[in-house]
Amino acid sequence: MLTPPSARVASAAAAHAPEVIRLAGVAKTYHRDGVPVAALRSVDLRITRGEFVAIMGRSGSGKSTLLHILGLLDAEYEGRYELAGTCVSGQSADSLAPLRNRLIGFVFQSFHLLPQLSILENAALPALYARDRERDACFAAARTRLVEMGLGDRLEHRPGELSIGQRQRAAIARALVNAPSLLLADEPTGALDSRTAEEILEVLGDLHAAGATLVMVTHDPEVAAVASRLVQIRDGRAHDGVA
Ligand SMILES: Nc1ncnc2c1ncn2[C@@H]1O[C@H](COP(=O)(O)OP(=O)(O)O)[C@@H](O)[C@H]1O
Ligand SMILES: [Mg+2]
């Protein structure tokens, strides 16, 4: 799977699009038994609307740390982060929860669907949490997203009754239910066989083609090749292009 040249041209053109993410000097140090562990030293990163960015790096290089910061799940870091023009650094993760729910959709390796709920209920949850729409409107939005993901005839099924590819598509529908500005995916194909992985990468590629902004962490160069831009995390810093 090679990235078509047209995708790289599109990425260059995106340099003039509005910025969704701007990180400047972002550093994160964990403390283990009182010993500091520098996970990110100084990350400068700009991502504009419509980009599909793959983040790669060795195990332990700080990919998940970076994704948690980008996703407003971790607010304990140094440096400056602007998300869709709003400075979010220096605010607590709790106070950022409404912004996170509205602006960011998450896709995880292991789906994180609630097993006792139907996929319609699962996909509606972020909309219900947002509390800015009527209940019926939340379910209508979830249904629309699930139909787009080809799951219109599975709405009342529980996750355990679906194939793993269908489960990940349901999780993507959930991530999109609030029409987020940014879709974050942590190893979205990591739990899938290669055929199902291709199917999910095609879904992500279609979202990119439709204008979505995606940031995906992966350790697999073939998966990264579907993105329009590659960012390597090395020595606690972000580097564009191949290592
Ligand atoms: N909660 C934590 N406490 C202490 N150290 C951590 C914690 N989470 C991650 N680290 C360390 O920070 C570094 C980066 O971790 P991580 O972001 O998970 O890397 P990756 O996702 O690239 O494998 C590693 O050295 C890891 O051991
Ligand atoms: Mg990780």
Side-chain angles (χ1 to χ4, degrees), residues 1-14 17 20-21 45 47-59 61 63-64 66-68 70-71 104-113 119 122-123 126 144-152 154 159 162-177 179-233 238 240-243:
M1 272 184 291
L2 293 171
T3 309
S6 59
R8 299 200 183 275
V9 172
S11 169
V20 177
I21 287 169
L45 182 64
I47 296 175
T48 53
R49 193 195 293 163
E51 281 196 289
F52 184 176
V53 178
I55 294 182
M56 295 195 78
R58 284 184 321 190
S59 175
S61 60
K63 302 182 297 296
S64 293
L66 178 60
L67 208 74
H68 283 120
L70 292 179
I104 299 173
F106 292 93
V107 179
F108 303 95
Q109 176 172 347
S110 50
F111 324 129
H112 289 198
L113 295 165
I119 60 163
N122 267 286
T144 302
R145 293 307 197 180
L146 287 163
V147 168
E148 285 167 1
M149 289 294 143
L151 295 169
R154 295 286 186 277
L162 300 178
S163 73
I164 55 169
Q166 289 173 324
R167 275 179 239 176
Q168 193 58 307
R169 279 190 273 135
I172 293 170
R174 177 189 57 191
L176 296 172
V177 74
S181 303
L182 177 64
L183 198 64
L184 298 179
D186 198 351
E187 300 277 5
T189 60
L192 309 177
D193 61 83
S194 59
R195 210 176 65 91
T196 310
E198 289 225 2
E199 168 196 319
I200 294 302
L201 290 175
E202 208 175 305
V203 170
L204 297 179
D206 288 348
L207 291 171
H208 176 225
T213 310
L214 296 107
V215 178
M216 170 177 74
V217 165
T218 179
H219 67 273
D220 184 339
E222 286 211 4
V223 170
V226 303
S228 56
R229 177 177 162 202
L230 175 62
V231 170
Q232 291 268 357
I233 305 298
D240 258 284
V242 185

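Model, not experiment: these values are computed from the prediction.
- Heavy-atom minimum distance, G71 versus L184: CA-CD1, 3.4 Å.
- Considering CG of L66 and CD1 of I55, their distance stands at 4.5 Å, rounded to 0.5 Å.
- When all heavy atoms are compared, the tightest approach of T218 to D220 is OG1-N, 3.0 Å.
- Of the options L70, T213, T48, a side-chain contact (heavy atoms from CB on, under 4.5 Å) to V20 is made by T213 and by none of the others.
- Side chain of H208 to main chain of G50: a donor-acceptor pair is present (N/O by atom type, distance under 3.5 Å, no hydrogens or angles).
- A170 approaches L113 most closely through the heavy-atom pair CB-CD1, 4.3 Å.
- Residues A175 and V107 come closest through the heavy atom pair CB-CG2, 3.9 Å.
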Stepwise side chain to side chain contact (heavy atoms under 4.5 Å, CB included) test for Q168 and T196: CA-CA 9 Å; Q168 193 58 307; T196 310; over 6 Å; no
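- Pairs engaging residues 163-176 under the salt bridge (Lys or Arg N to Asp or Glu O under 4.0 Å) rule: R169-E199 [sequence neighbours left out].
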Stepwise side chain to side chain contact (heavy atoms under 4.5 Å, CB included) check, L204 with V226: CA-CA 9 Å; L204 297 179; V226 303; 5.9 Å; no
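- For the pair A191 and I164, the tightest heavy-atom approach, listed with the atom from each and the gap, is O-CD1, 3.8 Å.
- K63 places no side-chain N or O within donor-acceptor distance of the main-chain N or O of Q232, the cut-off being under 3.5 Å.
- Distance alone, capped at 3.5 Å, places no donor-acceptor pair between the E187 side chain and the M216 backbone.
- Side-chain atoms of L201 and E222, non-hydrogen and from C-beta on, never get closer than 4.5 Å to each other.
- Side-chain atoms of Q166 do not come within 3.5 Å of backbone N or O of L151 as any donor-acceptor pair.
- Counting heavy atoms from C-beta outward, V231 and L45 have side chains that approach closer than 4.5 Å.
- Atom-to-atom distance recorded for F106:CZ and L183:CG is 9.5 Å, nearest 0.5 angstrom.
- Here the side chain of S228 pairs no donor or acceptor atom with the backbone of E51 at under 3.5 angstrom.
- In this structure, CG on L207 lies 6.5 Å from CD1 on I172, to the nearest 0.5 angstrom.
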Steps toward side chain to side chain contact (heavy atoms under 4.5 Å, CB included) verdict (I21, V53): CA-CA 11 Å; I21 287 169; V53 178; over 6 Å; no
Evaluation steps, side chain to side chain contact (heavy atoms under 4.5 Å, CB included), between L230 and M56: CA-CA 7 Å; L230 175 62; M56 295 195 78; 3.5 Å; yes
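- Atom OG in S181 sits 8.0 Å away from atom CZ in R49 (nearest 0.5 Å).
- F111 CZ to N122 CG: the interatomic distance, rounded to the nearest 0.5 Å, is 12.5 Å.
- Ion pairing of E148 with R145 is present here, as a side-chain N (NZ or NE/NH1/NH2) and a carboxylate O approach within less than 4.0 Å.
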